[in-house]
Structures are given as C-alpha cells and as structure tokens.
Amino acid sequence: MAVARQVGPVAAFYAVFFVIPLSTLLLMSFWSMRGFDVVPAFTLSSYTESLSSGLYRTVLLRAITVGFGTACIVTPAAYIFCYLLRFTFPRRAQLLVDLALLSLFSGYLVRIYAWRTILGREGILNSFLLQLGVIQEPLRSLMYSSPAVLLTLAGLLLPLAVLPIFSSMVNISSEHVEAARDLGSRARHVHLRILVPMALPGIKVAFALTFLLAAGDFVVPSLVGGTQGVMVGNVIADQFRGIGSNWPLGAALAFLALGAGMLVYLAVAELPRFMRRAR
Amino acid sequence: MIGRGMLARGYVAAVLFYLFAPVAVTVLFSFAASPRLSLPVDGLTLQWYQEAFSEPLFLDALRNSVILAVVTALVAGTLGTLFSFGLLQLQRRTRNLLLTAGLLPAAIPALVLGIALALFFREFGWLPGLRNAAIGQILAGLPYVILTMHARLETFDFTVLEAARDLGATPWRTFRDITFPLIRPSLLGAVLLTTALSLDEFVITWFNVGSRQTLPVLIWGLMRRGIDPAINALATAVFFSLTALVLLARLFGRRSA
C-alpha cells in the first residue's frame, strides 16, 4: 500500500505527539492536587475553581477581548492593504506582500522588544514628542496599557493576516470589479456585495488566526501589558513553569480558554450567513 | 483621482512603516554607541556585535537553533511532502478529512501544544532537551508544509510519472529525475518557511528544551533581565542572514523552475 506508506508517518507522528499529549492534558484537568503532587483522582474542582474565581474569569475575559479587538483591527486593515495591492498597484503587489512578510524575519520576541524601545518611558516616541515640545514630561501611559498591547499585537499579526486575504483575492479578476463599477455600483457596494463575499474564505482564516494568536499570547501581555494586562495565557504558563504551580488547574484553564475561543470564533464565522438571512 | 491615488499610496506606506518601525529600531540601536536605547543616537559602534558573538551562551544558543532548524526542516519537509502525495491518491472526502486533520496543530495555540507535550514527555520519562523541542517544532511546522505542498500538488500532472514508469524507470529514478525537479520550488519554499518558523519558535521550545539555550530562549532571558543592546545586534544579524537565505533560495528556485 503506497498510500499507507506515504500518509502513515504523519498519522503516526500526530497520534503519538499530538493526540496523546492533548488527551493527557485533558485527563490532567480532571486530576487532583495533593500538596505539591498531582494525584490521578477524578475531580471537577479545577474547573469549578477556574469558573468561580474572579481573577481567572477576568484574565479569561481579557484574553478574549484583546484577541477580538486585535482581530477587529487587523482583519480590516489587512483587507484594505490587500485590496489596494491587488487592484490599485497590481504590478507591485507580489513585491509588497513579500515585503510585509519580510518584517517577520526580525523575530517575534525581538519585535516585542523593539516596541518596548519605542513606547517606553525613555523610549523613542516620548523623546521625540519631548523634543517637538508637544509634551513637557514623558508620558507613562504609552506602555503598560491596553492600547500598547493592541498596537504591539496588531503589528505582530498583520503580516499573517495579509497572506490568506491576499491569496483569496488573487483569483478575483479585476474585470469583475470594473464591470460592477461600470454598471454604476458604488464603492461600498463593490466591497460588500462582490469583493468581501469572494474573499471570505481568506478573511475568515485571517480573523481566526489573529484572534487565536492574540488571545493565546502571553509574551506581549507580560512585556508590554504590565501587571494590569495579565491574560489567561500568563496564568496558564505560570501553572506549569512558575513557583507553586498547579498543573490540573492550568490544564482546566487551557481547555476553558480553547472552548471560549472556539465559541467566539463560531459566532463570528456564522455572522455573515445570519446577516444574509436577516436581509 | 490624484487625491485618491495619494491616499492609496499613503495607506500602503503607513502599513509598511508600522511593520518596519520595530525592525528599523532594532537595526539602528544595534549600531548605537550609547546603551540607553533612546534618541538621538550619538555615535556608532560595533561593540554590541562583538559582545554578542563573543558571549559563550550566544554561540551555544546559535548552534542549538541551527541544529533544531535543520532537523525540523528536514523531518517536517519529508514527512509533510510524503503526506501530501499520499492525500492525492485518496478519494475526495477522505482526502479533505485528512487534510483538515493535518492542519489541526496550527489551530491549537502554541502555549497549549507546548504544555501538552511537556506533560507527555514527563509522563514517559523523556527528559527535556533538544530532542523534545525538535519534536514540538516539527509538530508546529508540519501543517505549513502540508498546506504549501498540497496546494502545489493539486495541479501536479501525475501522468508524467506513469509515462516514466511505462518507459521502464525505477521508482527512485522517477523520483530523482522527474518528481523532485518538478516539486523543487514549492518544496524549497516549504522548507524555508519551516526553517524560519523554527528559528523564531519560542513558546513550545521554552516549555520543552529544559536548561538548553536557543536564540529565542536566550533573548527571552535577556529581555527579562532588562535592556541589553546585544539583543539588537543578534537580532539584526539573524534578520539579514534570513533575508539573504530567502533571496538566494528565490534566485536558485527561479533559475531551475
């Protein structure tokens, strides 16, 4: 069986290193802590503790809000960028997409570090504004605030949103768009009735990707968000690497976050169909 | 219409500025004499590069990162390409099901994959280290290889392979002389992508690499300690090396395509 030999290795790899580990994590979320040890005794207490604690609810909600906010900024921004590349600058489009992707090469952590250099108290933006005389003393609120977190996350994720949206726009012919324009459609109409529906698969992927990656991030909140910006990812990571760690609790939080994220995504993904029906 | 064109140009320029501002800052401060990381820059220096490359931890991290990138690219590239070939010989429904399954790890946050693997390795007594990190990176890289290769192979003309076989070519010869040259540009793209992802992978690696260093793990440690211009020097070196690698691969891929 040639097919089995070709598909088999990945299937085996996923079975061992993807399915079993995730199942172990799921199982772990139902186990108990006794002192500092995890004991295989079934309990729902990690889930009840996560849901009843105000802190855990807050960090979960914040992760979802930040993820949703980032996706809502990045997806339209990437859509406009791709639209302009595809229909206004078609000859430079590929080069400009490559350029956007090139920014990824400076590294995920390093770009976060650079935003700290820009937004910090003695950072570039503050020293620039001071020299211009716009402000008299450095703004503290540039960093360790939710706008800073959104700004950093959006910058990190924008190139990743450009990729799927652009590839779903490549196949839309410019004649389609011109025909609609010639028939007197307004710009808003061309976008809402023609371009967005045709590029919808790519837009959905872009939204899901940015939402997922922003909501699950724990590096940006801890480096740019400060203590007020802690998100569920930080709490989960601490349950596994920090002092006084609690693996079952971390596992339960991870699955609650996954479930909540999936619900938000489904709600957003079903929105276009719902709106069409309403119309 | 002129106003509109200006607006479009302005928007594209603003997006690129937003994306490259952090890159520019990194490159600029890797050469800045003062370690303060604020403007104006007074004087240029190569001191941070010297510091970065003479630090024993840096060299160790660089070596480990390169090892992980090579292993990840080779294993994920081979397995993912094989998988994509296998998919095409299946019926549409089974194929789509397996394709979705193959892409699934990309839909799970790296944090969850990282802790799930760390737990798994602990339960089975595999001590943290480069091996565990490599497995995590392969898992994270496979969906991207599968996605790229599947898109390419969908338009692949399988009749050439049959023709070669009918003319008496052995499977190995068919692969070497026909299949491989045809898929080389996409394969190269997939492998490069995996290499870049691996070099930049932090979360899964951090949970599974134990006390070993990789570039992102080391940078994370330095970042938490405070400001260190050597980070900028290191990042600039990595950025230009990766850019050069991709440009070379493009050139090489285009000539042979």
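Since this is a predicted model, take the numbers as computed values, not measurements. Order of the sequence lines sets the chain letters (A, B, ...), proteins ahead of strands, with each chain counted from 1.
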Tell me if a side-chain donor or acceptor on [X] pairs with a main-chain N or O of [Y] at a distance below 3.5 Å.
X	Y	answer
D217(A)	A214(A)	no
Y108(A)	L156(A)	no
W48(B)	A32(B)	yes
N234(A)	F218(A)	yes
Y113(A)	L223(A)	no
S168(A)	I165(A)	yes
N208(B)	N132(B)	no
S65(B)	L215(B)	yes
Y144(B)	T194(B)	no

Under 4.5 Å heavy-atom distance to chain A, tell me which part of [X] shows up: side chain, backbone, both or neither.
X	answer
L88(B)	neither
A76(B)	neither
L234(B)	neither
F121(B)	side chain
V25(B)	side chain
P143(B)	both
A107(B)	backbone
F202(B)	side chain
L142(B)	both
A106(B)	backbone
L98(B)	side chain

Please classify the contact of [X] with chain B as side chain, backbone, both or neither, using a heavy-atom distance under 4.5 Å.
X	result
Y83(A)	neither
L213(A)	neither
A251(A)	neither
A77(A)	both
V16(A)	both
L84(A)	side chain
L99(A)	both
F13(A)	side chain

side-chain contact (heavy atoms from CB on, under 4.5 Å) evaluation trace for W115(A) with L151(A): CA-CA 9 Å; W115(A) 277 113; L151(A) 186 77; 3.8 Å; yes
Picking from [options], which has the most non-hydrogen pairs under 4.5 angstrom with chain B?
options	value
G155(A), A11(A), A208(A), G216(A)	G155(A)
L96(A), I112(A), L102(A), L22(A)	L102(A)
V10(A), I118(A), V110(A)	V10(A)
A254(A), G120(A), A100(A), G250(A)	A100(A)

Can you tell me which of [options] forms the most heavy-atom pairs within a distance under 4.5 Å of chain A?
options	answer
L87(B), L111(B), L79(B)	L111(B)
F85(B), F20(B), W206(B)	W206(B)
V15(B), V112(B), V12(B)	V12(B)

For side-chain contact (heavy atoms from CB on, under 4.5 Å), just list the numbers for L253(A) and L60(A), CA-CA rounded to whole Å, side-chain angles, deciding distance to a tenth of an Å, and then say yes or no. CA-CA 8 Å; L253(A) 274 170; L60(A) 191 62; 5.5 Å; no
Shortest non-hydrogen contact between S222(A) and W220(B), atoms and distance: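 The pair with the smallest heavy-atom distance is OG-CH2, 3.8 Å.
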Please report the closest heavy-atom contact between A235(B) and T26(B), naming both atoms and the distance.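 Taking A235(B) first and T26(B) second, the nearest heavy atoms are CB-CG2, 3.8 Å.
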May I have all residue pairs that pass side chain to side chain donor-acceptor pair (under 3.5 Å) and include part of residues 21-30 of chain A, sequence neighbours excluded?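 For residues 21-30 of chain A, and leaving out neighbouring residues, the side chain to side chain donor-acceptor pair (under 3.5 Å) pairs sorted by first residue read S29(A)-Y47(A).
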